[in-house]
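Structure first, then comments.
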Amino acid sequence: VGKAVNFRIKKIILEKDAEKCSLAQSVTEQLQSGCLFKGDQADQVPGIEGSDLDKETLRLVSFPGQLLKPCPGTREYLCCGYQILHIGTNCPLDCSYCILQAYFNQPSLRVFVNVAQQLQSIGETLQAAGPRIFRIGTGEFTDSLALDPVVKWTEFLPPFVTKHKNVVLEFKTKTLSVEGLLSSPYRERIVVSWSLNSRFIAAREEHGAPSIKKRLEAARTCQREGYTLGFHFDPLIEHPSWKEEYARTVDLLDHFIDPSKIIWISLGCLRYMPPLKKVIRRRFPETHILDGEFIPGLDGKMRYIKPLRIEIYGFVKEKLAQYGIRSGAYLCMESSDVWLKALGWSPGTSKGLSRYLDDRATKVFGLPAQSASTSLKE
Amino acid sequence: MQSKAGEGIWVDLGSIAEDPGPYTMSYGFDLGALCESIGKIGIINPLLVARNERGGFDIVSGYRRILALKDLGEVRVFARDVTSALSSPLERLLTGFYENLATRNFNDIEKAMILQRLQRYVGKKEILSSFMPLLSLSSHEGTLELYVKLLDLEEAIRKAIAHEEISIKAVKALVELERPSQKIVFEWIVALKLNLNQQMRFIEYAQDISMRDGVTIPELLSEEIFLEIAEDPRLNNPQKAKKVLETLRVRRYPRLARAQHDVQRAISALSLPPAAVIHYDPYLENPNYHLQIGFKDGKALRKTIQELHVLDELEAIPELWEKR
């Protein structure tokens, strides 16, 4: 495990109710090198000393709640209407800006091993929704592919997507763990996307993650193998020579990836819930990501002052346009006036943004057309 | 209970060290009232002591009384020797703890002392679940770590904590700083008599600027601009506090502060009717201004609206963040 990224699992904890899930069995069989704790023992296992987030422990959990949920988003800014399939929480990478450091009071890597069992009921929900398009992602609370070599989501999620014609599934990652995807015969309505940043930020802040070049090489391989790609410039961070640095990343994109096969590229400036600041200062005392002028946004999250966000988005959008991205660039959790000033247009509302991305999916994957009157043009 | 009373003995006060020793938990107290009480009526409840390896005595209960007696020039005291009755250090510690718990509130440094001593004999889990609630602290590992760190702070800071001159929330931020930074931040907080909210802002601004600009906090706070404010005889303490905080804020958020200033100036320049007030998001994130009109009846409302209607200056209100 973790050949592509630099991590190892020292302990596996099989929580109550997870034992009966076949996914749990296959994971434990593959991770024979780690110490395994089962059932009642699981409550007694101490964390790995000196590792507050305990990223060397993998907990296999049967998640009791709904695994498919709308992205929490926020009412104050435009959100894209994404759905999250909760396959797990936390991630073996250790990005200094990661919101998960403050989101979860439970440490360790957690994989929800009952996801395969829940797929049937999730499928019924999706079917009952009629023609509505579901853009579903697994990379909001964990990296979609970091643990794929052992969990093998890419074996059972793509066939599920094939069965449900109104579903687009996005695997969002920073890793190079694409072996599962490459050996999968399914391509239909699967988006593989990479989080990108400047090389400066990747090297200093995305601890354990492969370089931008390596990510793009993996993306190129996937594109050559017929996958539709997405990219997420999130979080965009103000740092020395940020313009040159982000321009270089777009240049690298240009070098490796055919822009016509990209479904969407999101842009989002660094934002965080206020308690995360202390966690970042404690865990990464040398970081400079908190240097910018952050203000409490309308949703309570700290974000850069508006003109800086507009400047960053506008700059990256311009570079992407030069690269050949004519459609599909969007802002994550931003206000309509920022859209207008940075991108020159706005979907107006969250519904509008959702429709815009549904239209992209419709066009790229040849889905049944949405009502023309509701479609949005940039 | 009898078995733990110990044997009554006379103890030479010179054989008892002046520090709290391993079992007692008193800090930041005033001996005056106790000296007066002992001077008048003597010691009512016997002290508890236990023999130590150095041939002297450790105090199990009665640390403040011992200091008071020494202060009064006494040379010996009648005490109960619990060396055998309370044979383990944990028993002695808990005896002192429960005796104090029943009769008084602990200050934060005393809580820290108790937790630090307990850590020698009791597991973390038990401290969190059993002892922290008794000390009115949340059973949280981070809280335990914070309290133990309090004892590493300089004496002046510990005293201020014990006397609640600095908030525990601010101390939480303070302990994360390097020692020279702790010292100077503390000195400013005390000198300016900052309230809790101001303490938090002061530490955050100083820390942020220090990180961003690559200057140490002592270097930052020793800059002339801050020293001039501190020494300005025309300013009283609250004015100094306000000015120091504003100077730090402008340094931390230069673009925001400039934009806020521009907007405020534009709004202040308007000759608005007295009943009309324009509000805006202080962080300039919400793009809209809001107009508030106070009125006692429709006639008054119409009057204010009419005054606003003919006010040409309104068109000069800039878009928030508009470059001027």
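Chain identifiers are assigned alphabetically (A, B, ...) following the order of the sequence lines, protein sequences preceding nucleic acid strands; residue numbering begins at 1 within each chain. This one's a predicted model, so the numbers in the text were calculated from it and none came from an experiment. Hydrogens, waters and symmetry mates are skipped; everything else that's a heavy atom, side chains included, is used.
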Taking every non-hydrogen atom, the tightest pair across [X] and [Y]:
{"X": "A/G292", "Y": "B/R252", "answer": "O-NH2, 2.9 Å"}
{"X": "A/F294", "Y": "B/Y253", "answer": "O-CE2, 3.3 Å"}
{"X": "B/E285", "Y": "A/R303", "answer": "OE2-CD, 3.7 Å"}

So for atom [atom1], which belongs to [X], do other residues, nucleotides or ligands contribute more than 12 heavy atoms lying within a distance under 6.0 Å?
{"X": "B/Y205", "atom1": "OH", "value": "yes"}
{"X": "B/R249", "atom1": "CZ", "value": "yes"}
{"X": "B/H261", "atom1": "NE2", "value": "no"}
{"X": "B/E141", "atom1": "CD", "value": "no"}
{"X": "B/H309", "atom1": "NE2", "value": "no"}
{"X": "B/E224", "atom1": "CD", "value": "no"}
{"X": "A/R75", "atom1": "CZ", "value": "no"}
{"X": "B/L134", "atom1": "CG", "value": "yes"}

Using only non-hydrogen atoms and a strict under-4.5 angstrom cutoff, which residues of residues 158-196 of chain B touch chain A?
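Within residues 158-196 of chain B, no residue comes under 4.5 Å from chain A.
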So do the side chains of A/K277 and B/D208 get within less than 4.5 Å of each other, counting heavy atoms only?
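Result yes, sub-4.5 Å side-chain heavy-atom pair found.
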Determine the option with the most heavy-atom pairs under 4.5 angstrom with chain B, choosing from A/K306, A/H288, A/R309.
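Winner by heavy-atom pair count: A/K306.
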Checking heavy atoms, do the side chain of [X], its backbone, both or neither come under 4.5 Å from chain B?
{"X": "A/E286", "value": "backbone"}
{"X": "A/L308", "value": "both"}
{"X": "A/L298", "value": "both"}
{"X": "A/P285", "value": "backbone"}

[atom1] of [X] to [atom2] of [Y]: how many Å apart, nearest 0.5 Å?
{"X": "A/I310", "Y": "B/W321", "atom1": "CD1", "atom2": "CH2", "answer": "9.5 Å"}
{"X": "B/E319", "Y": "A/D337", "atom1": "CD", "atom2": "CG", "answer": "8.0 Å"}
{"X": "B/D213", "Y": "A/D291", "atom1": "CG", "atom2": "CG", "answer": "8.0 Å"}

Using non-hydrogen atoms only, which part of [X] is less than 4.5 Å away from chain A: side chain, backbone, both, or neither?
{"X": "B/L256", "answer": "both"}
{"X": "B/D281", "answer": "side chain"}
{"X": "B/P282", "answer": "neither"}

For the pair A/E293 (side chain) and B/R255 (backbone), establish whether a donor and an acceptor sit closer than 3.5 Å, ignoring hydrogens and angles.
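Judged by distance alone, yes, a pair lies under 3.5 Å.
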